[in-house]
Amino acid sequence: MGQRTKIKALLQSEQTNIEVTVKGWVRTFRNNQFIALNDGSTNNNIQVVVDFENTDPAILKRITTGAAISVVGQLVASLGKGQTVEVKATEIEVLGDSDPEKYPLQPKKHSLEFLREIAHLRFRTNTFGAIFRVRNSLSFAVHQFFQEKGFVYLHTPIITASDAEGAGETFHVTNFDLLNPPKTEDGEIDFKQDFFGRPTNLTVSGQLEGELGAMALSDIYTFGPTFRAENSNTTRHLAEFWMIEPEMAFYDLTDNMNLAEELLKYVIRYALDKNKEDIEFLSQRLEEEEKQKPQNERSDMSLLDKLQFCLDNDFERLTYTEAIDILKESTPNKKKKFQYPVEGWGTDLQSEHERYLVEKHFKKPVILTDYPKDIKAFYMRQNEPDAQGRETVRAMDILFPGIGEIVGGSQREERLDKLEQRMDEMGIPKDELWWYLDTRRFGACPHAGFGLGFERLVLFVTGMGNIRDVIPFPRFPKNAEF
RNA sequence: UCCUGAGUAGCUCAGCUGGUUAGAGCAUCUGACUGUUAAUCAGAGGGUCCCUGGUUCGAGUCCAGGCUCAGGAGCCA
């Protein structure tokens, strides 16, 4: 195969009147003369000009939407408007035909719902090309951020036996013949005979194992897939999603928040630098989408503005208790506009409350800390009760506009007695987590960490509305196609 | 899982209180045109009206059950 130049490079080329080879997929073929060609290196197409009078009509007929072609020609300054350079073709080879009667992508706008049904082909659209290039950059930036800080990328297991965290319903992992699993004398399934000799499942979080790494390597992070078998049908949940989970020894909650905020700003800035054109395209796409909405639901900021705003401003930090006070005094609460009125202290915030704080009250990302201990996980460090005897933990959630919770983290409980007491209270089996408790027995130290939902980050940066559109092949209830 | 809405041509949709042969735009195909940018103009083809059952002389339309999708809620990242 001969060398080819990628379209991104061609469009940036300072030289013209040179011979080039370009390969890609036909987006449109206009006028029997102009091919809009795309190879995924950029959202922009290169225009290939065909001398149709001197080209075999059999070849012309095969240049259809979706076909893969190879073109040799001269890179020249464009004679038409709309592009600066174009390729005057001298040789066109059709590498792969695409039957236009059957090819589902048409040179027209498609709904995101339809494209979701043809996820194997949606990469070939402008929107999804942009999304997945941005996703790639964000992913790379995450690694670069942590590597620059000397964090160790730790691979925590995908298959685990611990469901102890109670982070959600798990997918079981088994080798059994489901119709005929071995039974014990009591008629129970005999997991001793299963592959691992015990019940196992796909991980819901690498945190507990991550903490083990941090207790020796100081600063670690995981970045891998996570699985939750919850029957969630929302625009913010997936059954298989990617999570970034750093754990840092000798960090307290403030250090933890600082790191999370710095990480988010770093990766957003990286994507803005690296994928300017893609994000501009997505920003424009969003603006057009917003025009379809009624005036009062439209956002006053463009995607680009929102991202820049996020970089330029400190995230608002306040405690759960302060948030409750604000919500109690808020206009929608007084006018009984909330579906769930804010009355007492101690219950979890509803989506509408979080949205009010982020989108109406502060109008920027918000970090809520020190939640009531009864609504949080067992491993979070307990605060001293306040003057009124209210018990909280050193938890922090970062809430983003339009997304809700994007980060959940905490300072971990390093005191063995407090941790064991909490596990007893919550019915967490200590014997199963003996290895976790060992870190509190041998050289325990203050430490902290958080989980960042990667797809939620991609949602925010791309301005997309449904999480199923920012992962190549989404897994959700009743769907595992592709 | 709950609430609301939807499912009609390849796509996006219209189809009234049940009535004869189910429509439009785009896409596709054929022809014309040939520096186009969602090209344009003319013509043509294209339907399991989501599935199952029921009511009725007659169902895309009404009823029941199911499936799928979308938005919202809960769970959370």
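Throughout, a chain's letter reflects where its sequence line sits, starting with A, and its residues are numbered from 1. Since the model is a prediction, treat every value here as computed from it, not as a measurement.
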For A:Phe454 and B:A77, do the ring centres fall under 5.5 Å apart while the planes stay under 30° apart? no
Please report the distance, rounded to the nearest Å, between CG in A:Asn31 and C1' in B:U37. 10 Å
For the pair made of CD in A:Glu455 and C1' in B:C76, what is the distance, rounded to whole Å? 14 Å
Rounded to whole Å, CD of A:Gln33 lies from C1' of B:C33 at a distance of 11 Å
Assigned partner base of B:A38, Watson-Crick or wobble definition, under 3.5 Å: none
A:Lys81 NZ to B:A39 P, straight-line distance once rounded to whole Å: 18 Å
Can you tell me if NZ on A:Lys364 sees more than 12 non-hydrogen neighbours from other groups inside 6.0 Å? yes
Whole angstrom is fine here: how far is it from CD in A:Glu86 over to C1' in B:G35? 8 Å
Would one find a side-chain N or O of A:Lys102 under 4.0 angstrom from OP1 or OP2 of B:G46? no
Does a distance-only test, which skips hydrogens and angles, find a donor-acceptor pair under 3.5 Å between the side chain of A:Arg468 and the base of B:C69? no
Give a yes/no on whether any side-chain N or O of A:Arg355 is located under 4.0 angstrom from OP1 or OP2 of B:A73. yes
What interatomic distance, in whole Å, is found between P of B:A70 and the corresponding atom of B:C11? 15 Å
Atom P, compared across B:U48 and B:U8: separation rounded to whole Å: 11 Å
Check A:Glu425 with A:Arg422, please: is the shortest side-chain N to carboxylate O separation under 4.0 Å? yes
Atom pair distance, as rounded to whole Å: CD in A:Gln339 and C1' in B:G74: 11 Å
Which whole-number value in Å describes the distance from A:Gln207 CD to B:C76 P? 14 Å
For a quick check, tell me whether the side chain of A:Glu169 and the base of B:U1 share a donor-acceptor pair closer than 3.5 Å. no
N-O pairing of A:Lys363 and A:Glu359 below 4.0 Å: no
Does OP1 or OP2 of B:A39 have a side-chain N or O of A:Arg30 closer than 4.0 Å? yes
Is any side-chain heavy atom of A:Phe460 closer than 4.5 Å to a side-chain heavy atom of A:Ile268? yes
Considering only atom P, compute the distance from B:C3 to B:G66 and round it to an integer number of Å. 12 Å
Does the base of B:C11 carry an N or O that pairs as donor and acceptor with the side chain of A:His110 under 3.5 Å? no
P atoms of B:G65 and B:C57, separation to the nearest Å: 24 Å
Distance between P atoms of B:G53 and B:U17 (Å, rounded): 28 Å
Cation-pi between A:Lys265 and A:Tyr270: NZ/CZ under 6.0 Å from ring centre and within 45° of the ring axis? no
Look at all strands and tell whether A:Ile406 reaches a base, only sugar-phosphate, or nothing, counting heavy atoms closer than 4.0 Å. sugar-phosphate
For B:C29, give its Watson-Crick or G-U wobble partner with both distances under 3.5 Å, or none. B:G43
Does B:G71 have OP1 or OP2 under 4.0 Å away from a side-chain N or O of A:Asn466? yes
Considering only the C1' atoms, how many Å lie between B:G45 and B:C2, rounded to the nearest integer? 46 Å
Any strand, both distances under 3.5 Å, Watson-Crick or G-U wobble: B:U55 pairs with none
Quick one: label A:Thr226 by what it contacts on the DNA or RNA (base, sugar-phosphate, nothing), any heavy atom closer than 4.0 Å. nothing
Charged N to carboxylate O below 4.0 Å: is that the case for A:Glu289 and A:Arg285? yes
Would you kindly compare A:Val407 and A:Gly465 by the position of their nearest RNA chain B nucleotide and give the one closer to the 5′ end? A:Gly465
Between A:Gln411 and A:Met380, does a side-chain contact (heavy atoms from CB on, under 4.5 Å) hold up when you go through it step by step? CA-CA 6 Å; A:Gln411 184 172 334; A:Met380 296 185 176; over 6 Å; no
Watson-Crick or G-U counterpart of B:G71, or none if no pair lies under 3.5 Å: B:C3
Quantified in whole Å, what is the C1' atom distance between nucleotide B:C49 and nucleotide B:G15? 11 Å
Measuring to OP1 and OP2 of B:A27, would you say a side-chain N or O of A:Thr65 lies under 4.0 angstrom away? no
Roughly how far apart, to the nearest Å, are B:U4 and B:A64 at atom P? 13 Å
So, under a plain 3.5 Å distance rule, would you say the side chain of A:Gln47 forms a donor-acceptor pair with the base of B:U36? yes
Does a side-chain N or O from A:Gln350 land closer than 4.0 Å to OP1 or OP2 of B:G74, or not? yes
Geometric cation-pi criterion A:Arg228 and A:Phe241, 6.0 Å radius, 45° cone: no
Provide, to the nearest angstrom, the distance between the CG atom belonging to A:Asn54 and the P atom belonging to B:U34. 15 Å
Kindly indicate whether the side chain of A:Ser232 and the base of B:C76 share any N or O donor-acceptor pair separated by less than 3.5 Å? no
Using a 4.0 Å heavy-atom cut-off across all strands, classify A:Tyr340 as base, sugar-phosphate, or nothing. sugar-phosphate
Answer yes when A:Asp397 and A:Lys376 have at least one side-chain N-carboxylate O distance shorter than 4.0 Å, and no when they do not. yes
Looking at A:Ser351, does any N or O in its side chain come under 4.0 Å of the phosphate oxygens OP1/OP2 on B:G74? yes
Residue pairs involving residues 45-70 of chain A (criterion salt bridge (charged side-chain N to carboxylate O under 4.0 Å, His left out); sequence neighbours excluded): A:Arg62-A:Asp97
Between the side-chain atoms of A:Lys88 and the base atoms of B:G35, is any donor-acceptor pair under 3.5 Å? yes
Answer yes or no: is there a side-chain heavy-atom contact under 4.5 Å between A:Phe281 and A:Asp278? no
Along nucleotides 2-10 of chain B, 5' to 3', which nucleotides get a B, which get an S, and which get a -, given that the test is a protein heavy-atom distance under 4.0 Å? --------B
Assert: residue with more 5' nearest nucleotide on RNA chain B, out of A:Lys478 and A:Lys376, is A:Lys478
Give one of base, sugar-phosphate or nothing for A:Ser111, where a contact means two heavy atoms less than 4.0 Å apart. sugar-phosphate
